[in-house]
There are 2 protein chains.
Amino acid sequence: MSRRVAAALVHYPVHDRQRAVVTSAITNLDLHDIARSSHTYGLSDLFIVHPVAAQRALAERVREHWTRGSGASRIPDRTPAIALLRIVPTLEDAVAELGPGAELWVTSAKSAASGLDFPQARARLAAEGPPVLLVFGTGWGLGDAVVERAMVQLASIHGRHEGGYNHLSVRAAAAIIFDRLLSLQR
Amino acid sequence: MSRRVAAALVHYPVHDRQRAVVTSAITNLDLHDIARSSHTYGLSDLFIVHPVAAQRALAERVREHWTRGSGASRIPDRTPAIALLRIVPTLEDAVAELGPGAELWVTSAKSAASGLDFPQARARLAAEGPPVLLVFGTGWGLGDAVVERAMVQLASIHGRHEGGYNHLSVRAAAAIIFDRLLSLQR
């Protein structure tokens, strides 16, 4: 890719299943799975966004274990993936780290009529441009405040047909989106 | 798709990280994630293959909880996905349930020079033919005994370049492979 592409996994603001805005807890396997997918597809960083210091400390301990602790010596393949983790309190921190002009691209399981389709999004990433932050929500999806300030909303993933069942885990959705946008193999 | 496509998640025989042949334990999140991806992409069944009765009973309890227990009333969206789970002791049982002529297609993170590429595999699934069982290994990948008896070995997933980092979780790999083979959206 010509542009720097990073991802962010957001724990606040996200929806719960009644669509209230909540803070979700960090899931250990999200960090591993999405870091491994991020590294496979050449992303520069995986920002873990959590407003609660104790939750950030937990994520930092996971990072430490797999980059410098006993996890790193036991399963060295995991190290370069987990090393992509950057744990921050807000999405603004992640955007700021990417530098001036960074674009926020959000993902959603809900159909957005105006969503950018994947072939177009792929072409935009292959062209020159500022860094892009692909933003994923935990729980029942990103809060409206995040979606509204995004420069791009990606189309939803449909499997077998438009409007069909789409309740992918965030781990699966991130893997599919990285593959659609960044894979060199077709 | 014209053909019936199912998936199997194998816990024996699989490799550990020293490439010894072992039996892996069931990971709860594998069942959820791969069932959700399977249902999104229209697969007919997700076979959970485990030789140990106590492990199969655990998987059956997960299925029960999310299809008829309190999980089903709390998160109804999960029910049709988890209902795809079929828990069997051996891969032969899964093949037998798909009926005469069912084809075993294996997946692997290791580059197979002879692996069927994804566009060709996609075309084969779109044509008429017997049922196909897509087989995924846990741990460090499927045992040789499974790979050797497969009719098709799919190409490995490469992210940014051939021979690059590829240490996807089985949850992520299954999602990407379903998307590449079965998605109607391109």
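Chain identifiers are assigned alphabetically (A, B, ...) following the order of the sequence lines, protein sequences preceding nucleic acid strands; residue numbering begins at 1 within each chain.
A donor-acceptor pair is defined here as one N or O able to donate and one able to accept, closer than 3.5 Å; such a pair exists between the side chain of A:R17 and the backbone of B:R74. With A:Y165 contributing its side chain and B:D77 its backbone, the two residues share a donor-acceptor pair below 3.5 Å. One N or O on the side chain of A:R36 and one on the backbone of B:H167 form a donor-acceptor pair closer than 3.5 Å. Counting only distance, with no hydrogens or angles, the side chain of B:R160 and the backbone of A:L182 share a donor-acceptor pair below 3.5 Å.
Note: B:T40 OG1 to A:L168 CG = 4.0 Å, rounded to the nearest 0.5 Å.
Contact of A:I157 with chain B is made through backbone and side chain together, with heavy-atom distances under 4.5 Å. For B:L29, the part lying under 4.5 angstrom from a heavy atom of chain A is the side chain only. Heavy-atom distances place the backbone of B:R78, and not its side chain, under 4.5 Å from chain A. Looking at A:I176, both its backbone and its side chain come within 4.5 Å of chain B, counting heavy atoms on both sides.
No path of Ile, Leu, Val, Met, Phe, Trp and Tyr side chains, each step under 4.5 Å between heavy atoms, connects B:V132 with B:L142, placing them in separate hydrophobic clusters. With hydrophobic clusters built from ILVMFWY side chains whose heavy atoms lie under 4.5 angstrom apart, B:L181 does not share a cluster with B:L98. Under the 4.5 Å side-chain contact rule for hydrophobic residues, B:I87 and B:L91 do not share a cluster. Under the 4.5 Å side-chain heavy-atom criterion for grouping Ile, Leu, Val, Met, Phe, Trp and Tyr, A:I82 is connected to A:Y41 within one hydrophobic cluster. A continuous path of ILVMFWY side-chain contacts below 4.5 Å connects B:V22 to B:V147, so both sit in one hydrophobic cluster.
For B:R149, the CZ atom sits in a packed shell: over 12 heavy atoms of surrounding residues, nucleotides or ligands are nearer than 6.0 Å.
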| message | Working note: A:D179 + B:R180, criterion side chain to side chain contact (heavy atoms under 4.5 Å, CB included); need CA distance, chi angles, decisive distance, verdict. | response | CA-CA 9 Å; A:D179 189 61; B:R180 288 187 178 190; 2.6 Å; yes
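A donor-acceptor pair shorter than 3.5 Å can be found between the side chains of B:D33 and A:S169.
Side-chain contact check for A:I75 versus B:W140: some heavy-atom pair is nearer than 4.5 Å.
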